[in-house]
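Just follow the structure's listing: the first ligand is 1, and inside any ligand the first atom is 1. As a basis for the values below, the full set of heavy atoms in this structure was taken, side chains included, without hydrogen atoms, waters or symmetry mates. Everything quoted here is computed from the prediction, not taken from an experiment.
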Amino acid sequence: MAPFTIRPVSSSPAQIIMLCNLLIETVASGGSVSFMHPLELQEADAFWSAALNSATQGERTILGAFDGDRLAGTVSLVLVQTPNQPHRAEISKLMTSVDYRGQGVATLLMQAAETLAREHGRTHLMLDTASDSNAVSLYEKLGFQRAGEIPDFALNPFGELTSTIFFWKSLQ
Ligand SMILES: CC(C)(COP(=O)(O)OP(=O)(O)OC[C@H]1O[C@@H](n2cnc3c(N)ncnc32)[C@H](O)[C@@H]1OP(=O)(O)O)[C@@H](O)C(=O)NCCC(=O)NCCS
């Protein structure tokens, strides 16, 4: 297993391109991460540029798992901004590059996101994922509880309706 380093992704052009390529590749391989296949570079760039801007505002952290300079995976910790939920954060856009899957990258990213959430005083995590995603067993292994499943919640990247499972975890 490569010695992965987990750190926030910067908004340098090189790192934005790696985020874009990772998102495009994830969608092309069937990952349900809000986008349809084929995902154009421009659309991926618009998404990550907005997300990195939100990170600059302190609303989220985009973590990367790096193998040297190469981005192997990413996850975002989104700090809920509503005044009545200062204890809550959401996990989104967990993706591991196809080349690096099955090497513990997503597990490392999720553990780092939990640590970061605690550092921000966020003790309640929420996330959702397509019911047929490999991530379901990962989240259960990490102690997330199923809140429920909604049928026909979203289209997969190839246009078929899929159900989505919502998960939560208390860090207290
Ligand atoms: C889900 C995903 C992030 C897992 O990434 P990964 O780095 O390969 O995951 P890890 O190596 O840390 O594996 C952790 C656990 O995930 C589950 N898992 C990973 N790959 C799996 C597979 N092909 N089949 C079944 N379970 C799998 C297993 O429970 C695994 O634990 P184990 O190794 O003890 O069996 C990756 O497959 C991916 O990017 N998928 C597309 C995007 C997506 O669905 N994201 C999540 C929803 S937002």
Taking heavy atoms and a distance under 4.0 Å, where does [X] meet ligand 1: side chain, backbone, both or neither?
X: Asn134; value: both
X: Thr129; value: side chain
X: Ser133; value: side chain
X: Gln103; value: backbone

Closest non-hydrogen atom pair, Gly64 against Leu109: C-CD2, 3.8 Å
Heavy atom of protein inside 4.0 Å of atom 34 (O) of ligand 1, strictly below: yes
Linked, directly or transitively: Leu41 and Leu39 (ILVMFWY side chains, under 4.5 Å): yes
In one Ile/Leu/Val/Met/Phe/Trp/Tyr side-chain cluster, 4.5 Å: Trp168, Leu142: no
Evaluate [X] for polar contact with ligand 1, using N/O atom pairs at a separation under 3.5 Å.
X: Tyr100; answer: no
X: Ala106; answer: yes
X: Thr26; answer: no
X: Thr96; answer: yes
X: Gly31; answer: no
X: Met95; answer: no
X: Thr107; answer: yes
X: Ser137; answer: yes

Close approach of Gly73 to ligand 1, heavy atoms, under 4.0 angstrom: no
Contact check, Phe4 vs ligand 1, heavy-atom distance below 4.0 Å: no
Donor on one side chain, acceptor on other, Lys93 and Ser34, under 3.5 Å: yes
More than 12 heavy atoms from other groups under 6.0 Å of CD on Gln42: no
For atom 16 (O) of ligand 1, closest protein heavy-atom neighbour: Leu138 CB, 3.3 Å
Atom 11 (O) of ligand 1: the protein heavy-atom neighbour that sits closest, reported with distance to 0.1 Å: Gly104 N, 2.8 Å
Separation of Ile62 CD1 from Gln15 CD (nearest 0.5 Å): 10.5 Å
Under-4.0 Å salt bridge between Glu90 and Arg60: no
Qualifying residue for side chain to side chain contact (heavy atoms under 4.5 Å, CB included) with Val75, from Thr61, Leu63, Ile6: Leu63
Test applied, side chain to side chain contact (heavy atoms under 4.5 Å, CB included); reference residue, Leu94; option that passes from Leu138, Leu127, Thr74, Val105: Leu138
Any donor-acceptor pair under 3.5 Å from Arg88 side chain to Leu79 backbone: no
Aromatic ring pairing Phe144/Phe167, orientation class (parallel under 30°, perpendicular over 60°, tilted between): perpendicular
The one among Leu94, Val136, Leu109 that brings a heavy atom closest to atom 46 (C) of ligand 1: Leu94
